[in-house]
Novice: 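Encoded as C-alpha cells, here's the structure I'll be asking about.
Numbering starts at 1 and runs along the sequence shown.
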Amino acid sequence: MGKINIHNLHKTISYLKRNGLRETLVTIKEHLPQSARENYRYDSPAAEVLELQRGRRWENPVSFSVVVPAYHTPERYYKEMIESVLAQTYPHWQLVIGDAGEGDELERLAVSYGDKRISYHRLSGNRGIADNTNETLQWAEGDYIALLDHDDVLTPDALYEMAAAMEQEEGKREGAMPRMLYSDEDKCDENAARFYEPNIKPEFNLDLLMTNNYICHLLVMEAELLKGLGFRSAYDGAQDHDLVLRAAACLWRVPGAILHIPRVLYHWRCHSASTAANPESKLYAYEAGVKASQDFVDSQGWKAKVSMTQHMGFSRTQYDPPLLEQRREVGVIGGRVLGRARRIVGGMMSETGEVQYLGLKDGYSGYLNRAILVQQAQALDLRCIRLSGQCRDMFREITGLEYEENGITGMYDWQKLPADYDYAGMGLKLSLALREAGYVLLWDPQMICELETTK
C-alpha cells in the first residue's frame, strides 16, 4: 500500500471490505513505513552502452514479433508504445498491431513512422482480449513472439537482452534454445516519467506461478509454441497466466527451456483503468487466474482445490490426499520458524544459508505478498520440515539420524536433538543432497515452528 494516494486508498477500502478491520490494520502497518522499493529508480543503460548494442553484428539473429492487440488506445500511450519499439537497439523485430477499435487514428499514426517493420492490421471486430490477440498472431512472422500491452512501453535494450540471453544459453546447451523467457519489470505513471514498484522475479518457480502470474511482463515465447497453444477466451483477463501455465506444463521438466532475464525490461503503465493501479477494475481477471491455476492442477492429475487468498490475484492450492502423497517430485515441505517475538528467524533459505524474509513479523505478507505464498525453495531449515517417505533413507545418510515425526504437528521432531545442534547447516546439507537427487523443495508459510513454545 505504501505512499498515500488515490490508487492506494481504493486498494485499502477494497481490502477492508473483503478482510475486515484487523487484517487491514496489519497490512497498513506493514506497508506504511518507507521501504527501499519506494526509493527505487530506473536508470536506462548509458548512451554508449546502447550504441555498442546497436553496432553489434549477429551471426544467426533470431527475429521477434512484438504483438500488440489495441482497442481505443489513447493516442499518447499508443505513440509512446510504438516509439519504445522503434528505439530498440536490437534491429531484427516486427511490430504487429491488431486494432479492434473504430476510427483510423491509430492506423494513420502507425503509418506515419514510415518503418516497414510496423505491421498494422484492422481486426474483424472486438471479440475480447484473447480472440483479438489470436487474430493478431496470424501476422506475426518472427521466430519468437513478445507480448506488449497497448499502453505499456519497453526499455530500449529489451529485445537485445532477450537475444543475447538466447545466444548464451544456446552455447551452454549445445544448440538447445530456451522456448519461454521473461524479465523483471516495474510500473510507471501515466506520463511514463516516474518508475516505481519494481518486480524482481525469481528463477522459474512452478509453485509460485500457480499462486499468481509472477512472470507477467516481459514475456517472450517461441512462436511455434505460442501459436500452437493460443489464447483462450474463457480466461479473458488472465489469458497470459493461462498461456504461461499451459506452456509450463510442456516445459517445466526440460532443463533450460524456461529462462529468466534478471533485468527490468518492461514498464507497466499505471492509470485509473489499469489492473496495476486498481485491482477491483478487473476483479474478473483475478477470478480467471484462479480458474487457470485450477485447470493446470487438473491437467497434472493432482486432486486439489485452488482458491483465492485474502490478497486479490493470489491463490492457494489445497491437496487432498496430501501433497507429498500425490507429487512424487517433491521431496520435502518446509515452513516458517518464528522467534519468541514472532519474527521470522528461520525456514526458507538461499543455497548460501541466507534466511528469506528474516525478521518479518507474523501476519505480514512481505515483498509482493511472496512471504505468504507456497513456492519452491533452494534450502529449508531442519526445524520445520515434513519429509516424503521416499527420502527418509537419504535423511539418515546425510544427517546420521532417524527421521521421526511429532505426533501432534506431523513435522520432523527436531526437539529431540541437542540444543546446540546446527539446524540451518544440516538443513542446507540435506537440501543440497535432495536437489542433486532431482527432488523439489517446497516452502509452505502456513507450516509454522514457534520457538517460544519449545525449548
Side-chain angles (χ1 to χ4, degrees), residues 202-214 241 244-246 248-249 251-253 258 289-311 314-338 344 346-349 356-357 365 369-395 398 403-414 427 430-449:
E203 298 307 301
F204 181 69
N205 193 312
L206 179 65
D207 286 81
L208 183 61
L209 182 62
M210 289 164 58
T211 70
N212 76 110
N213 184 16
Y214 83 87
H241 194 188
V244 169
L245 283 167
R246 287 184 291 125
L251 305 177
W252 70 278
R253 292 181 176 88
I258 303 174
V290 170
K291 182 180 175 183
S293 293
Q294 184 67 61
D295 182 79
F296 174 81
V297 166
D298 294 342
S299 75
Q300 299 300 300
W302 301 332
K303 296 179 181 178
K305 175 68 175 177
V306 180
S307 57
M308 199 177 298
T309 69
Q310 72 267 32
H311 297 285
F314 299 87
S315 64
R316 179 176 174 85
T317 303
Q318 296 283 3
Y319 294 80
D320 186 16
L323 184 152
L324 288 176
E325 294 180 19
Q326 297 195 57
R327 294 180 57 181
R328 300 286 292 176
E329 83 280 7
V330 178
V332 61
I333 302 175
R336 295 181 291 157
V337 179
L338 297 181
I344 291 178
M348 182 167 69
M349 301 179 289
Q356 305 296 294
Y357 313 117
S365 57
N369 296 320
R370 286 181 191 158
I372 64 166
L373 302 176
V374 174
Q375 55 200 278
Q376 295 178 8
Q378 293 181 321
L380 298 167
D381 192 309
L382 211 62
R383 289 171 291 184
C384 194
I385 62 170
R386 183 177 294 121
L387 198 67
S388 168
Q390 61 191 334
C391 295
R392 296 186 182 183
D393 287 343
M394 185 178 295
F395 180 91
I398 298 299
Y403 178 84
E404 298 181 30
E405 288 187 349
N406 183 294
I408 297 174
T409 66
M411 298 186 296
Y412 175 57
D413 196 354
W414 65 275
L430 176 64
S431 297
L432 178 61
L434 288 169
R435 288 172 53 207
E436 288 181 341
Y439 287 103
V440 168
L441 284 60
L442 282 191
W443 186 68
D444 182 352
Q446 290 193 7
M447 278 179 57
I448 298 175
C449 168

Novice: I want to check something: taking the side chain as every heavy atom from C-beta on, are Arg327 and Leu442 in contact at a cut-off of under 4.5 Å?
Specialist: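 Counting from C-beta outward, Arg327 and Leu442 do come under 4.5 Å.
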Novice: First locate atom CD1 of Ile385, then atom SG of Cys449, and finally report the distance between them rounded to the nearest 0.5 Å.
Specialist: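 One gets 11.0 Å once the value is rounded to the nearest 0.5 Å.
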Novice: Test of understanding: with ring-ring contact (aromatic ring centres under 6.0 Å, His included), list the residues that count as partners of Tyr403, not counting sequence neighbours.
Specialist: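 Applying ring-ring contact (aromatic ring centres under 6.0 Å, His included) to Tyr403 gives Phe395, Tyr412.
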Novice: Minimum heavy-atom separation for Leu206 and Phe296, please, with both atom names.
Specialist: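 Minimum heavy-atom separation between Leu206 and Phe296: CD1-CZ, 3.7 Å.
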Novice: Should Trp252 and Glu329 count as side-chain neighbours, where that means a heavy-atom distance under 4.5 Å?
Specialist: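 Yes; the side chains approach each other to less than 4.5 Å.
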Novice: Answer yes if the side chains of Gln376 and Asn205 hold a donor-acceptor pair under 3.5 Å, and no otherwise.
Specialist: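 No donor-acceptor contact under 3.5 Å links the two side chains.
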Novice: With a 4.5 Å cut-off on side-chain heavy atoms, are Leu382 and Trp414 touching?
Specialist: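 Side chain of Trp414 against side chain of Leu382, heavy atoms only: no contact under 4.5 Å found.
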Novice: Using every non-hydrogen atom in the two residues, find where Pro445 and Ala371 come nearest and quote the distance to one decimal.
Specialist: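 So the two residues come closest at CB-O, 3.3 Å.
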Novice: When you compare the side chain of Cys384 with that of Arg336, does any pair of heavy atoms fall below 4.5 Å?
Specialist: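 Not in contact.
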Novice: With the side chain counted from C-beta on, respond yes when Cys391 and Leu434 share a heavy-atom pair under 4.5 Å apart, and no when they do not.
Specialist: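 Result yes, sub-4.5 Å side-chain heavy-atom pair found.
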Novice: Checking the side chain of Thr309 only, and the main-chain atoms of Phe314 only, is there a donor and an acceptor separated by less than 3.5 Å?
Specialist: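 Indeed, once roles are kept as given, a pair shorter than 3.5 Å links the two residues.
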Novice: Are the side chains of Leu338 and Ile344 in touch, meaning some heavy atoms are under 4.5 Å apart?
Specialist: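 Touching, per the 4.5 Å side-chain cut-off.
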Novice: Mind listing the closest non-hydrogen atom pair of Ser293 and His241 along with its distance?
Specialist: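 Scanning both residues, the minimum pair turns out to be OG-CE1, 3.6 Å.
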Novice: Ignoring hydrogens, what is the shortest heavy-atom contact between Arg392 and Ser388? Give both atom names and the distance.
Specialist: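 Nearest pair, atom of Arg392 first, then Ser388: CG-O, 3.5 Å.
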Novice: What distance do Met411 atom CE and Glu404 atom CD have between them, rounded to the nearest 0.5 Å?
Specialist: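 Answer for the CE-CD pair, Met411 versus Glu404, is 15.0 Å.
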Novice: Give, for atom NE2 of His311 and atom OG1 of Thr211, the distance between the pair rounded to the nearest 0.5 Å.
Specialist: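 Going from NE2 on His311 over to OG1 on Thr211, the span is 11.5 Å.
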Novice: Considering only residues two or more places apart or on different chains, which pairs with a residue in residues 294-306 satisfy salt bridge (Lys or Arg N to Asp or Glu O under 4.0 Å)?
Specialist: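 Qualifying pairs, neighbours excluded: Arg232-Asp295.
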Novice: With a 6.0 Å cut-off on the ring centroids, do Trp443 and Tyr357 count as close?
Specialist: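 Ring-ring flag for Trp443/Tyr357: true, centres closer than 6.0 Å.
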Novice: Nearest 0.5 angstrom please: Ile258 CD1 to Leu251 CG, how far?
Specialist: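 The CG atom of Leu251 is 5.0 Å from CD1 of Ile258, to the nearest 0.5 Å.
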Novice: Evaluate the side-chain proximity of Gln356 to Arg370: yes if any heavy-atom separation is below 4.5 Å, no if none is.
Specialist: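 Arg370 vs Gln356: side chains apart.
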Novice: Could you grab the distance from atom CG of Asp444 to atom CG of Leu373, nearest 0.5 Å is fine?
Specialist: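 Going from the CG atom of Asp444 to the CG atom of Leu373 covers 10.5 Å.
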Novice: Please give me the minimum heavy-atom distance between Ala377 and Arg435, naming the atom from each residue.
Specialist: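 For Ala377 versus Arg435, the nearest heavy atoms are O-CD, 4.4 Å.
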Novice: From the options Val330, Ile333, Leu380, select the one residue that forms a side-chain contact (heavy atoms from CB on, under 4.5 Å) with Leu441.
Specialist: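 Single pass found, and it is Leu380.
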Novice: Taking the side chain from Arg383 and the backbone from Gly427, do they hold a donor-acceptor pair closer than 3.5 Å?
Specialist: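 No, the answer is negative, given that no donor and acceptor are paired below the 3.5 Å cut-off.
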Novice: Where do Glu405 and Leu387 come nearest, in terms of heavy atoms and distance?
Specialist: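 Looking at all heavy atoms of both residues, the shortest contact is OE2-O, 4.4 Å.
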Novice: Roughly how far apart are Leu245 CG and Gln294 CD, rounded to 0.5 Å?
Specialist: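 Reported value, rounded in 0.5 Å steps: 11.5 Å.
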